[in-house]
Novice: 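Quick one: structure below, then a few questions.
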Amino acid sequence: MNAYQLSGDWRWQRFMSGQETLVAINGEAPKTVGAGVVHQMMGSDPMTPDLKYASSTCSGTQKHEDAIEKQKEAAVMAGAGMFEQEKSTQESGEARRLRFARETANLMSVSQVCVLHCSSVA
């Protein structure tokens, strides 16, 4: 689940990096922006008005890419551990079923167990 969130954050950051924002300095913000729109800024001597485009630096994208790579590595290790069998160990069918359930638990199965437990306590 973290991998999906990191990927979504990374995609949003990449999208926003291409979206420049018009910033009005020491003056009224324009009512419309876009191609062919002319802006006239009025100001007094001590405070000169200006319009500039600001854009993000994308400084966090590398950190997102590193975190995504770590999540992929963790998923690979979890998958490999799920199929790992020690040759010297013998398990009963029930023990194998419990180990497999523990190693493959997801949010849905954890919530189902919590609901069962809470209803049996009440």
Side-chain angles (χ1 to χ4, degrees):
M1 199 138 113
N2 277 347
Y4 290 115
Q5 183 178 2
L6 285 169
S7 177
D9 291 347
W10 178 78
R11 288 173 187 270
W12 179 251
Q13 190 173 35
R14 296 291 295 177
F15 169 75
M16 291 303 290
S17 69
Q19 310 301 315
E20 292 184 330
T21 303
L22 185 63
V23 179
I25 302 167
N26 296 328
E28 291 276 329
K31 297 200 183 333
T32 58
V33 295
V37 177
V38 177
H39 300 287
Q40 183 177 7
M41 300 288 288
M42 302 290 192
S44 58
D45 235 356
M47 294 176 34
T48 306
D50 197 4
L51 282 174
K52 295 187 181 221
Y53 280 98
S55 62
S56 76
T57 62
C58 300
S59 60
T61 55
Q62 185 60 46
K63 295 229 184 252
H64 269 95
E65 290 167 4
D66 294 344
I68 290 169
E69 195 58 38
K70 284 182 183 177
Q71 284 292 320
K72 285 180 184 176
E73 290 172 11
V76 167
M77 293 305 292
M82 194 166 65
F83 296 110
E84 187 176 275
Q85 294 269 333
E86 291 184 21
K87 292 180 178 143
S88 63
T89 305
Q90 291 188 355
E91 291 179 306
S92 68
E94 180 66 9
R96 181 176 285 185
R97 186 188 69 74
L98 287 172
R99 181 177 57 80
F100 184 76
R102 176 186 51 117
E103 291 172 351
T104 59
N106 60 25
L107 190 57
M108 183 61 79
S109 64
V110 170
S111 66
Q112 288 170 347
V113 169
C114 289
V115 167
L116 287 174
H117 179 69
C118 289
S119 64
S120 68
V121 172

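Position 1 is the first residue of the sequence, and the numbers go up from there. Nothing here was measured: the structure is a model prediction, and the numbers come from that model.
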Novice: Tell me every residue that passes salt bridge (charged side-chain N to carboxylate O under 4.0 Å, His left out) with E94, counting only those two or more places apart in sequence or in another chain.
Specialist: R97
Novice: As an exercise, state the distance from NZ of K63 to CD1 of I68, rounded to the nearest 0.5 Å.
Specialist: 14.0 Å
Novice: Output the distance between atom CD (E28) and atom CD (Q40), rounded to the nearest 0.5 Å.
Specialist: 13.0 Å
Novice: Using the rule that Ile, Leu, Val, Met, Phe, Trp and Tyr join whenever any side-chain heavy atoms are under 4.5 Å apart, tell me whether L51 and Y53 fall into a single cluster.
Specialist: yes
Novice: When hydrophobic residues are tied together by side-chain contacts of less than 4.5 Å, even through go-betweens, does M41 share a cluster with V33?
Specialist: yes
Novice: Are Q62 and D66 close enough, and set up right, to give a side chain to side chain donor-acceptor pair (under 3.5 Å), and what steps lead you there?
Specialist: CA-CA 6 Å; Q62 185 60 46; D66 294 344; 2.9 Å; yes
Novice: Salt bridge (charged side-chain N to carboxylate O under 4.0 Å, His left out) with K31: which residues, sequence neighbours excluded?
Specialist: none
Novice: Measure across M47 and N26 and return the closest heavy-atom pair with its distance rounded to 0.1 Å.
Specialist: CE-OD1, 3.6 Å
Novice: If you compare all heavy atoms of A24 against all heavy atoms of P30, which two are closest, and at what distance to 0.1 Å?
Specialist: CB-CD, 4.3 Å
Novice: Cluster question for you: counting only ILVMFWY and a side-chain heavy-atom cut-off of under 4.5 Å, with indirect links fine, are M42 and I25 together?
Specialist: no
Novice: Which pair of heavy atoms, one from T32 and one from H39, lies closest together, and at what distance?
Specialist: O-CE1, 2.8 Å
